Participant: 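I'd like to ask some things about the structure below.
Keep in mind that what you see is a predicted model, and the values were worked out from it rather than measured.
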Amino acid sequence: MNKHKMKRAVVAFMAAILCQGAFAEVKTQITVVDNNAKSTVYNVDEDGYITFAEKSLLIKENRDKKTPVELKLADVSKLLVKEITGVDNTLSESQSISLYPNPASSEVFVSGIDGKQMVEIFSISGVLVKKVSVENGSAINISDLRQGVYIMKVDGKTVKLCKI
C-alpha cells in the first residue's frame, strides 16, 4: 500500500472512530508507536486536533498547547486510536437533539429543537465554519464543508457531526 492510500485509510479510520457517540464529552487517546517500538500517548480533547501535513502527523492535545507535536510519518509504525467518552446524562429524552444522517455527505437534518435556533458548526480545531438558522426538522447543507469531524452547537448543546 503506497503512503497516499495509507494516509487516506488512516484518516477514514480516525473519522469513523471520532464519529461515534453524538452527545458526549470526548477525549481521543492517540498512541503512536515508532519504528523502535517506543509508544507515546497523546490525549486530544475537544479543543485539540489530529491532522496530516505533507509527510507529517500533527497532534495538538488541547488549546493550552501553543504548537502541535509534529511526527514524521516515516517514523510511525503504528497509530492506535481510542475514544474516551463521558456521556452527559443531564438531558432528558424530550430535550435531546438529533442530527441525521450522521455521518453525512451533503445535508443533515436537525430535530429536537424548539422554534427557530441558530446553529454554529465548528471545525475540530475550534474554527467557526458555518452559522445558520434552523427550525425543527429542517436541513442544513454541508456540501461546502471538507470531509472530517465537526462540532455543532445549538441551543446550548453540542453534537458531533461527521462529513464524509
Side-chain angles (χ1 to χ4, degrees), residues 3-32 41-73 76 79-88 91 96-113 116-135 138-164:
K3 287 185 182 183
H4 182 67
K5 285 183 181 178
M6 182 174 156
K7 179 179 169 181
R8 287 177 51 196
V10 169
V11 169
F13 172 74
M14 288 173 54
I17 292 295
L18 291 172
C19 287
Q20 296 175 8
F23 295 98
E25 183 179 317
V26 178
K27 184 180 281 188
T28 303
Q29 187 177 72
I30 306 294
T31 304
V32 179
V41 177
Y42 301 92
N43 292 302
V44 181
D45 66 19
E46 290 180 346
D47 295 323
Y49 61 83
I50 306 158
T51 189
F52 293 92
E54 287 259 338
K55 299 177 182 178
S56 298
L57 171 65
L58 302 175
I59 301 173
K60 186 170 183 219
E61 294 181 272
N62 55 49
R63 76 170 61 161
D64 296 333
K65 299 277 185 172
K66 298 292 183 208
T67 57
V69 173
E70 183 173 354
L71 305 168
K72 292 180 182 173
L73 287 176
V76 175
L79 187 64
L80 306 168
V81 181
K82 179 180 179 184
E83 184 174 42
I84 302 166
T85 307
V87 177
D88 183 2
L91 295 175
S96 65
I97 295 175
S98 297
L99 187 64
Y100 57 92
N102 194 9
S105 59
S106 60
E107 64 182 7
V108 293
F109 295 87
V110 181
S111 67
I113 59 175
K116 202 165 204 172
Q117 296 285 335
M118 187 58 65
V119 172
E120 296 176 315
I121 300 176
F122 296 87
S123 69
I124 199 72
S125 59
V127 175
L128 179 66
V129 294
K130 191 174 206 76
K131 188 173 184 177
V132 295
S133 181
V134 298
E135 292 180 2
S138 62
I140 300 173
N141 182 348
I142 61 167
S143 62
D144 57 331
L145 299 179
R146 295 173 72 186
Q147 190 175 30
V149 178
Y150 294 88
I151 305 298
M152 185 183 89
K153 291 188 179 183
V154 58
D155 195 26
K157 298 170 186 77
T158 303
V159 180
K160 193 183 303 181
L161 164 65
C162 297
K163 167 70 165 44
I164 53 173

Participant: Rounded to the nearest 0.5 Å, what's the gap from CD1 on Ile50 to OG1 on Thr28? Could you check?
Facilitator: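 Result: 5.5 Å between the selected atoms.
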Participant: My understanding is that only residues two or more places apart in sequence, or in another chain, count here; which of them pass side chain to side chain contact (heavy atoms under 4.5 Å, CB included) with Lys66?
Facilitator: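 Result, side chain to side chain contact (heavy atoms under 4.5 Å, CB included) vs Lys66: none returned.
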Participant: Under a 3.5 Å distance rule, please check whether Asn102 uses its side chain to pair with a backbone N or O of Val108 as donor and acceptor.
Facilitator: no
Participant: Measure across Glu61 and Asn43 and return the closest heavy-atom pair with its distance rounded to 0.1 Å.
Facilitator: OE2-N, 2.8 Å
Participant: Report the distance from atom CE of Met152 to atom CD1 of Ile97, rounding to the nearest 0.5 Å.
Facilitator: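 One gets 6.0 Å once the value is rounded to the nearest 0.5 Å.
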Participant: Is there side-chain contact between Pro68 and Tyr49, with at least one heavy-atom pair below 4.5 Å?
Facilitator: yes
Participant: Could I get the full list of side chain to side chain donor-acceptor pair (under 3.5 Å) partners for Thr67, not counting sequence neighbours?
Facilitator: none
Participant: Does any part of the side chain of Val69, heavy atoms only, come nearer than 4.5 Å to the side chain of Leu71, both counted from C-beta?
Facilitator: yes
Participant: Hey, are the side chains of Ile140 and Val119 touching, using non-hydrogen atoms and a 4.5 Å cut-off?
Facilitator: yes
Participant: If you take all heavy atoms of Cys162 and Val149, which pair is closest and at what distance?
Facilitator: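 Between these two residues, the closest heavy atoms are SG-CG2, 4.3 Å.
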Participant: Are Tyr150 and Lys163 packed together at the side-chain level, in the sense that at least one heavy-atom pair is separated by less than 4.5 angstrom?
Facilitator: yes
Participant: Show the nearest heavy-atom pair for residues Ala53 and Leu58, with the distance to one decimal.
Facilitator: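 Scanning both residues completely, I find the closest heavy atoms to be CB-CD1, 3.8 Å.
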Participant: Is there a donor-acceptor pair under 3.5 Å between the side chain of Lys130 and the backbone N or O of Asn141?
Facilitator: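 Present.
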Participant: Can you measure from CG (Leu145) to OG (Ser123) and round to the nearest 0.5 angstrom?
Facilitator: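 Interatomic distance, Leu145 CG to Ser123 OG, rounded to 0.5 Å: 10.0 Å.
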Participant: Are any of the side-chain heavy atoms of Met118 and Lys131 separated by less than 4.5 Å?
Facilitator: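 With C-beta onward as the side chain, the pair touches.
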Participant: Please round to the nearest 0.5 Å and tell me the distance separating atom CD of Gln117 and atom NZ of Lys157.
Facilitator: 8.0 Å
Participant: Within this structure, what is the OG-OH distance for the pair Ser111 and Tyr100, rounded to the nearest 0.5 Å?
Facilitator: 4.5 Å
Participant: Could you work out, with salt bridge (charged side-chain N to carboxylate O under 4.0 Å, His left out) as the rule, every residue matching Lys153, not counting sequence neighbours?
Facilitator: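 So Lys153 forms no salt bridge (charged side-chain N to carboxylate O under 4.0 Å, His left out) with any residue.
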Participant: Please step through side-chain contact (heavy atoms from CB on, under 4.5 Å) for the pair Val154 and Ile113, ending with a clear verdict.
Facilitator: CA-CA 8 Å; Val154 58; Ile113 59 175; 4.0 Å; yes
Participant: Is the closest side-chain heavy-atom distance between Ile121 and Leu128 below 4.5 Å?
Facilitator: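 No. Closest side-chain heavy atoms not under 4.5 Å.
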Participant: How about Ile59 and Val44: do any of their side-chain heavy atoms sit closer than 4.5 Å?
Facilitator: yes
Participant: Enter the distance from Phe122:CZ to Thr158:OG1 here, rounded to the nearest 0.5 Å.
Facilitator: 9.0 Å
